[in-house]
Amino acid sequence: MGGHFEGGISMSQPDLETMRHSASHVMAEAVLKLFPEAKLGIGPAIEDGFYYDFDLPRALTPEDLERISALMVESIKARHPFIRQEVSREEALALFANQPYKLELIREMPEGEVITIYRHGDFLDLCRGPHIEHTGQIPVDAFKLLNTAAAYWRGDEKRPMLQRIYGTLWPSREELLAYLAHLEEIERRDHRRLGKELDLFSLHEEAGAGLVYWHPKGGRIRQQVEDFWRQRHREGGYEILYTPHIGRAWLWETSGHLGFYRESMYSPMDIDGQDYYIKPMNCPFHIMIYNTQRRSYRELPLRWAELGTVYRYEKSGVLHGLMRVRGFTQDDAHIICTPEQIEDEILEVLRFSLSLWRAFGFEEIQAYLATRPEKAIGEPARWEQALQSLRRALLAEGIPYEVDEGGGAFYGPKIDLKIKDALGREWQMTTIQFDFNLPERFDMVYIGEDGQEHRPYMVHRALLGSLERFFGVLIEHYAGAFPLWLAPVQARLIPIADRHMAYAQEVCQRLAAAGMRAEVDRSGDRMNAKIRAAQLEKIPYMLVVGDREASSGQVSVRLRTNEDLGAMSVEAFIQRATALIAARDNRAL
RNA sequence: GCCCACGUAGCUCAGCCGGUAGAGCACGUUCUUGGUAAGGACGUGGCCAUGGGUUCAAAUCCCAUCGUGGGCUCCA
């Protein structure tokens with residue numbers, strides 16, 4: 001979910017990446033001055049900046065960052081040249097004798113590889129380079145050390161934990177400031193903050209981590225999402241299923257989940273001496289339904305969807321608002337079809353997914369095609385066919401995609417879609433996965449034209465992914481100012497004085513009768529305060545009613561964009577609003 | 001799960017070199033009945049996350065647990 005920040009940045013700068021990498025060296029130099037005993041990990045350039053990992057005698061504090069930053073400024077002002085030097089393995093080992101992590105890297109370098117070191121000032125690092133000419137090329141007012149965090153040495157949770165310092169660096173101060181403003185914007189839109197401010201959802205430590213409570217206003221939005229989702233699925237030839245939340249051990253043994261997915265499942269509960277597990281996935285249940293009958297090729301493809309709530313154990317440290325939770329509702333579906341149908345089905349799923357995303361106002365989508373991993377089941381020929389149909393679907397839809405070599409599940413290849421939000425951040429939501437495993441395990445068959453039993457193809461797909469994560473992304477994408485058709489409150493009646501309350505109530509009822517979500521501000525506040533409150537709640541329409549409106553049967557329409565449409569008849573307003581709602585217009589008010 | 005930080009009223013936060021709590025907003029009452037982003041007055045509200053320890057005394061110090069945040073690893 002790394003932010004892609006582009007706002008007016010001149011990327012043509014002579015190698016911003018090199019500059020950032022060099023900055024990480026300068027930072028390491030500063031850290032060594034502060035902590036001569038520090039052990040160095042690695043320090044690459046990353047998107048937006050750089051980091052360096054250190055093994056330090058104590059935890060870093062924000063004050064340390066300031067001191068490090070000040071030392072970096074000194075080094076930059078000193079204009080130390082970067083000096084590249086090739087060394088032999090023995091020399092390298094000697095130079096880094098007291099740097100165990102560097103020694104490990106050196107020892108792992110293949111024989112004959114040229115080992116290079118870079119020096120600047122009295123700092124020395126094992127490094128492939130390249131670097132800038134001298135430290136003075138780093139714009140001294142365009143970098144900032146952002147935060148410290150922990151990271152396992154080489155990303156391995158069994159290895160020591162190092163302290164990582166993240167910094168950001170830009171070609172100019174203006175760009176740095178723009179980037180910092182961008183970070184503030186991200187914070188401002190944070191779904192956890194907006195969820196609280198707009199009274200959409202909550203989480204409760206005393207009631208369990210990673211479990212989401214949808215408040216009335218969040219519930220209204222979810223209902224709209226679900227209603228639309230169901231409508232589109234009906235139109236797309238899907239049937240809707242409802243299945244249990246728990247299943248006997250037999251089910252999960254047969255599916256193989258107890259073998260390969262156990263660490264994500266919760267402990268069983270005992271029911272009449274039998275082990276039951278709460279479901280981490282919906283697929284086995286759908287297959288049970290499939291297997292209740294002898295199936296003919298004539299009834300395929302079957303497209304079975306379910307808003308299925310699943311529970312998965314997630315490590316405590318990874319939980320994050322709505323984005324990563326322990327109980328969530330997938331907009332799941334399984335497509336069961338013949339090998340001949342698979343290609344059309346895949347293409348259709350992809351189209352369907354894209355149109356759904358566009359309907360919610362997400363236009364930019366990137367696809368990832370994940371291929372056969374080392375350890376996989378299913379004949380290579382079927383993998384190849386499956387992969388081809390996935391690839392052809394991507395080409396047919398013209399979506400940019402990258403191949404994730406070996407990134408497929410062991411039971412089949414898949415397409416994942418990442419959706420870009422309004423701030424350019426990517427979110428992995430959609431997944432379309434082949435499954436060569438479950439049809440075998442559950443011995444799913446259909447009778448073909450030839451009267452023989454055949455194994456159907458099965459595809460899992462979740463388009464929005466989970467309703468919780470989708471909601472989180474939706475909140476951040478719109479910064480809480482939801483499109484009219486999704487807004488929990490579409491219009492608020494604002495009576496100027498108490499004597500206008502009855503008229504406001506009457507108008508409100510007319511809006512409700514027209515299918516709108518409207519309410520009257522019954523507080524004792526003055527009109528200005530009522531407008532402010534509605535504005536902060538990002539309510540699309542503020543309908544001010546006073547003597548003038550009450551006597552003429554009108555409402556004065558103010559939009560959350562601050563635009564004032566003036567007075568219009570209630571009928572005209574209803575026409576305008578209901579037309580936009582029916583059209584599911586994501587922008588107009 | 002791991003490392004670090006944090007957990008005080010519904011919300012945002014102050015208090016924390018130990019002497020049993022404070023602000024703004026929200027909420028309630030009340031005066032005001034006001035034309036497009038905060039009218040005034042008064043008031044309610046906290047077992048200072050939970051459990052244990054140190055101390056004459058703990059919101060303040062120590063430990064543990066739970067949770068949250070930033071990361072690592074992993075995923076919808």
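Within every chain, numbering begins at 1; the chains are lettered A, B, ... in the order of the sequence lines, protein sequences first and strands thereafter. Nothing here was measured: the structure is a model prediction, and the numbers come from that model.
- A:F471 comes within contact range of no nucleotide atom at all, as no heavy-atom separation falls under 4.0 Å.
- Note on A:L536: a base of the nucleic acid sits closer than 4.0 angstrom, heavy atoms only.
- Residue contacts for A:V310: at a heavy-atom cut-off of 4.0 Å it reaches no nucleic acid atom on any strand shown.
- For A:R159, the salt bridge (Lys or Arg N to Asp or Glu O under 4.0 Å) partners two or more places apart in sequence, or in a different chain, are A:E104.
- You'll find a donor-acceptor pair under 3.5 Å spanning the side chain of A:R324 and the base of B:C74, going by distance alone.
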Under 3.5 Å between N/O atoms: give me all the protein pairs with nucleotides 10-12 of chain B, atom names plus distance.
| unit_1 | atom_1 | unit_2 | atom_2 | d |
| --- | --- | --- | --- | --- |
| B:U12 | OP1 | A:K196 | NZ | 3.1 |

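- By the ring pair (Phe, Tyr, Trp, His ring centres under 6.0 Å) test, A:F360 pairs with A:F228, A:F470, A:W485, sequence neighbours left out.
- When the nearest nucleotides of RNA chain B are assigned to A:D416 and A:A59 by heavy-atom distance, the more 5′-ward of the two goes with A:A59.
- Contact annotation for A:D156: no contact, since no heavy-atom pair falls under 4.0 Å across all strands.
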Could you go over nucleotides 27-34 of chain B and give all protein N or O partners under 3.5 Å, atom names and distances?
| unit_1 | atom_1 | unit_2 | atom_2 | d |
| --- | --- | --- | --- | --- |
| B:U33 | O2' | A:R499 | NH1 | 3.0 |
| B:U33 | O2 | A:D498 | N | 2.8 |
| B:U33 | N3 | A:D498 | OD2 | 3.0 |
| B:U33 | O4 | A:D498 | OD2 | 2.7 |
| B:G34 | O2' | A:R526 | NH2 | 2.8 |
| B:G34 | N7 | A:I496 | O | 2.1 |
| B:G34 | N7 | A:A497 | N | 3.4 |
| B:G34 | O6 | A:I496 | O | 3.1 |
| B:G34 | O6 | A:D498 | N | 3.1 |

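- In this structure, A:R222 pairs ionically with A:E468, as a charged nitrogen and a carboxylate oxygen lie closer than 4.0 Å.
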Please list, one pair per line, the donor and acceptor atoms closer than 3.5 Å that link side chains of residues 531-546 of chain A to other protein atoms, with sequence neighbours excluded.
| unit_1 | atom_1 | unit_2 | atom_2 | d |
| --- | --- | --- | --- | --- |
| A:Q535 | OE1 | A:R558 | NE | 3.3 |
| A:Q535 | OE1 | A:R558 | NH2 | 3.0 |
| A:Q535 | NE2 | A:R560 | O | 2.5 |
| A:E537 | OE1 | A:R492 | NH2 | 3.0 |
| A:E537 | OE2 | A:R492 | NH1 | 3.1 |
| A:K538 | NZ | A:A479 | O | 3.3 |

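- For the residue pair A:H191 / A:E476, a side-chain donor-acceptor distance below 3.5 Å is found, with atom types taken as modelled.
- Taking A:H204 as the reference, A:S202, A:E206, A:A207, A:Y213 meet the side-chain contact (heavy atoms from CB on, under 4.5 Å) condition, with sequence neighbours excluded.
- Closest non-hydrogen pair, A:R326 versus A:K315, comes out as NH2-C, 3.9 Å.
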How far apart are the C-alpha atoms of A:L180 and A:L146, what are their side-chain angles, what is the distance that settles it, and do they pass the side chain to side chain contact (heavy atoms under 4.5 Å, CB included) test? CA-CA 10 Å; A:L180 295 177; A:L146 294 174; 4.2 Å; yes

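- Among the atoms of the strands shown, base atoms are found under 4.0 Å from some heavy atom of A:R548.
- In summary, the side chains of A:R154 and A:Y152 do not present any donor paired with an acceptor at a separation below 3.5 Å, with no hydrogens or angles considered.
- Across all strands shown, A:A209 has heavy atoms under 4.0 Å from sugar-phosphate atoms exclusively, and none from any base.
- The base of B:G1 has none of its N or O atoms less than 3.5 Å from a complementary donor or acceptor on the side chain of A:E263.
- Within the 4.0 angstrom heavy-atom criterion, only backbone atoms of the sugar-phosphate kind lie near A:G155; the bases stay farther away.
- Both thresholds, 5.5 Å between centres and 30° between ring planes, are met by A:F328 relative to the base of B:A76, so the two rings are stacked.
- Using a 4.0 Å heavy-atom criterion, one finds that A:A150 contacts the bases of the nucleic acid, with or without backbone contacts as well.
- Every residue two or more places apart in sequence or in another chain was checked for a ring pair (Phe, Tyr, Trp, His ring centres under 6.0 Å) with A:F143, and none qualifies.
- Between A:Q535 and A:E206, it is A:Q535 whose nearest contact on RNA chain B lies nearer the 5' terminus.
- Remark: the A:R159 side chain and the B:C72 base include no donor-acceptor N/O pair separated by less than 3.5 Å.
- Legend: salt bridge (charged side-chain N to carboxylate O under 4.0 Å, His left out) pairs involving residues 358-370 of chain A, not counting sequence neighbours, sorted by first then second residue: A:R358-A:E363, A:E364-A:K420.
- Residues meeting the side-chain contact (heavy atoms from CB on, under 4.5 Å) test with A:P100, sequence neighbours left out: A:K39.
- Between B:C72 and A:Y166, a contact under 4.0 Å exists linking OP1 or OP2 to a side-chain N or O.
- In this view, A:Y311 satisfies the ring pair (Phe, Tyr, Trp, His ring centres under 6.0 Å) rule with no residue, not counting sequence neighbours.
- Applying the 4.0 Å criterion to OP1 and OP2 of B:C72, one finds that A:Y51 has every side-chain N and O outside that range.
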Polar atom pairs (N or O), protein with nucleotides 44-49 of chain B, under 3.5 Å:
none

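- With 3.5 Å as the limit, one finds a donor-acceptor pair spanning the side chains of A:T431 and A:D416.
- A close approach under 4.0 Å does occur between a side-chain nitrogen or oxygen of A:S316 and OP1 or OP2 of B:G1.
- A heavy atom closer than 4.0 Å to some atom of RNA chain B occurs in A:S556, A:R558, these being the qualifying members of residues 552-561 of chain A.
- Contact between the side-chain N/O atoms of A:Q330 and the OP1/OP2 oxygens of B:A76 is not found at any separation under 4.0 Å.
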